Amino acid sequence: MAITGVDEKSIHIIKGCINGDRRSQKDLYTIYYPIALGICLRYSDNKEDAIGILNDGFFKVFKHIDKYDYQKPFSVWIKKIMTNTAIDFYRAKIRQGISLDITMYEHTIVDHDSISHKLDYEDLLAMVHQLPPAYRTVFNLYAIDGYGHEEISDMLGIAIGTSKSNLHKARSRLAEMVKIRGAIRGKTEEKT
């Protein structure tokens, strides 16, 4: 049986990780750190939480790497683990009773000084971070990771209608932020 999902170097690193080789683990961590951190940042409130999610995710990767299917791309497998770890973190926050009071996010203040002249990934990420955690999580799962509302409902333990509502509200909030950003950019351009 031919292995089609992974190149030879990656296979060597993955097999080294299965055997507990620290160098292979370091190489895998180094290669996939940027991708994994990007996912964790999208789901967290701050970089500290993202790093915690990242570390938990890599722990799961190393613990379960022997279950990886070489027929599929490794990046897809690791992205799924990081996303699931972020969702676990979100659920744990809810169970701990941390308030996800959406009303406290109603009047999010946009940091006008950090707005550049074009909307790029960093701007979008900053806007997504301003969303309430419930909205942000559903938005990430649906719009970025490609899950359907039924899957999101199962993952988060919420009703499908809640998932749809949170997505709609997230998109509305993001549209408002983009509109505000555009208005600020217009005023800035008028002054120059």
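Nothing here was measured: the structure is a model prediction, and the numbers come from that model.
Under the salt bridge (Lys or Arg N to Asp or Glu O under 4.0 Å) criterion, no residue pair touches residues 158-170, with sequence neighbours excluded. Note on residues 49-67: pairs passing salt bridge (Lys or Arg N to Asp or Glu O under 4.0 Å), not counting sequence neighbours, are Lys60-Asp88.
From Gln25, atom CD reaches atom CD1 of Ile14 across 12.5 Å, with rounding to the nearest 0.5 Å. Considering CD1 of Ile13 and CD1 of Ile65, their distance stands at 9.5 Å, rounded to 0.5 Å. Annotation: the span from Ile31 atom CD1 to Ser75 atom OG amounts to 11.5 Å, rounded to 0.5 Å. Summarising the geometry, atom OG1 belonging to Thr137 is positioned 9.0 Å from atom CG belonging to Asn166; distances are rounded to the nearest 0.5 Å. Here the CE atom belonging to Met127 is positioned 11.5 Å from the CD atom belonging to Glu176, to the nearest 0.5 angstrom. Taking CG from Leu174 and NZ from Lys179, the interatomic distance works out to 14.5 Å, rounded to the nearest 0.5 Å.
Under a hydrophobic clustering in which Ile, Leu, Val, Met, Phe, Trp and Tyr are joined whenever their side-chain heavy atoms come within less than 4.5 Å, directly or via other members, Ile160 and Tyr135 fall into different clusters. One hydrophobic cluster holds both Val178 and Leu167 under the rule that ILVMFWY side chains link at heavy-atom gaps under 4.5 Å. Val128 is connected to Ile39 through a chain of hydrophobic side-chain contacts under 4.5 Å among Ile, Leu, Val, Met, Phe, Trp and Tyr, so both are in one cluster.
No more than 12 heavy atoms of other residues, nucleotides or ligands shown are found within 6.0 angstrom of NE2 on His12.
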ask   = What do the steps show when you test Thr162 against Leu156 for side-chain contact (heavy atoms from CB on, under 4.5 Å), and what is the final call?
value = CA-CA 10 Å; Thr162 303; Leu156 301 179; over 6 Å; no
message = Please evaluate residues Leu28 and Phe62 with respect to the criterion side-chain contact (heavy atoms from CB on, under 4.5 Å), reporting the C-alpha separation (whole Å), side-chain torsions for both, the decisive distance (0.1 Å), and the verdict.
response = CA-CA 10 Å; Leu28 186 103; Phe62 294 131; 3.4 Å; yes
message = Quick one, Met177 with Arg173, criterion side-chain contact (heavy atoms from CB on, under 4.5 Å). Give me CA distance, side-chain angles, the key distance, then yes/no.
response = CA-CA 6 Å; Met177 288 183 223; Arg173 293 274 176 88; 4.2 Å; yes
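In terms of modelled atom types and a separation under 3.5 Å, the side chain of Asp21 and the main chain of Cys17 share no donor-acceptor contact. For Tyr70 (side chain) and Phe74 (main-chain N/O), no donor-acceptor pair under 3.5 Å exists by modelled atom type. Side-chain atoms of Asp69 come within 3.5 Å of backbone N or O of Gln71 as a donor-acceptor pair.
For the pair Leu54 and Leu37, the tightest heavy-atom approach, listed with the atom from each and the gap, is CD1-N, 3.5 Å. Closest approach of Cys40 and Ile53 over heavy atoms only: SG-CG2, 3.5 Å. Here the closest non-hydrogen pair linking Phe139 and Ala170 is CB-CB, 3.9 Å. Minimum interatomic distance between Ala159 and Ser153 (heavy atoms only, all atoms of both residues): C-OG, 3.9 Å. Taking both residues in full, the closest heavy atoms of Ser44 and Ala50 are given as OG-CB, 3.3 Å, listed atom of the first, atom of the second, then distance.
Looking at residues two or more places apart in sequence or on another chain, you find a side chain to side chain donor-acceptor pair (under 3.5 Å) between Ser10 and Asp7. Shown here are the ring-ring contact (aromatic ring centres under 6.0 Å, His included) partners of Tyr29, two or more places apart in sequence or in another chain: Tyr33, Phe58.
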What side-chain donor-acceptor pairs closer than 3.5 Å can you find for residues 141-151, not counting sequence neighbours?
{"unit_1": "Asp145", "atom_1": "OD1", "unit_2": "Arg42", "atom_2": "NH2", "d": "2.7"}
{"unit_1": "Asp145", "atom_1": "OD2", "unit_2": "Arg42", "atom_2": "NH2", "d": "3.2"}
{"unit_1": "Asp145", "atom_1": "OD2", "unit_2": "Tyr43", "atom_2": "OH", "d": "2.3"}
{"unit_1": "His149", "atom_1": "ND1", "unit_2": "Ser163", "atom_2": "OG", "d": "2.8"}
{"unit_1": "Glu151", "atom_1": "OE1", "unit_2": "Gly148", "atom_2": "N", "d": "2.7"}

For residues 77-85, run the donor-acceptor check on the side chains, cut-off 3.5 Å, and write out each pair with its distance to 0.1 Å, sequence neighbours left out.
{"unit_1": "Thr83", "atom_1": "OG1", "unit_2": "Lys79", "atom_2": "O", "d": "2.9"}
{"unit_1": "Asn84", "atom_1": "ND2", "unit_2": "Lys80", "atom_2": "O", "d": "3.3"}
{"unit_1": "Thr85", "atom_1": "OG1", "unit_2": "Ile81", "atom_2": "O", "d": "2.7"}

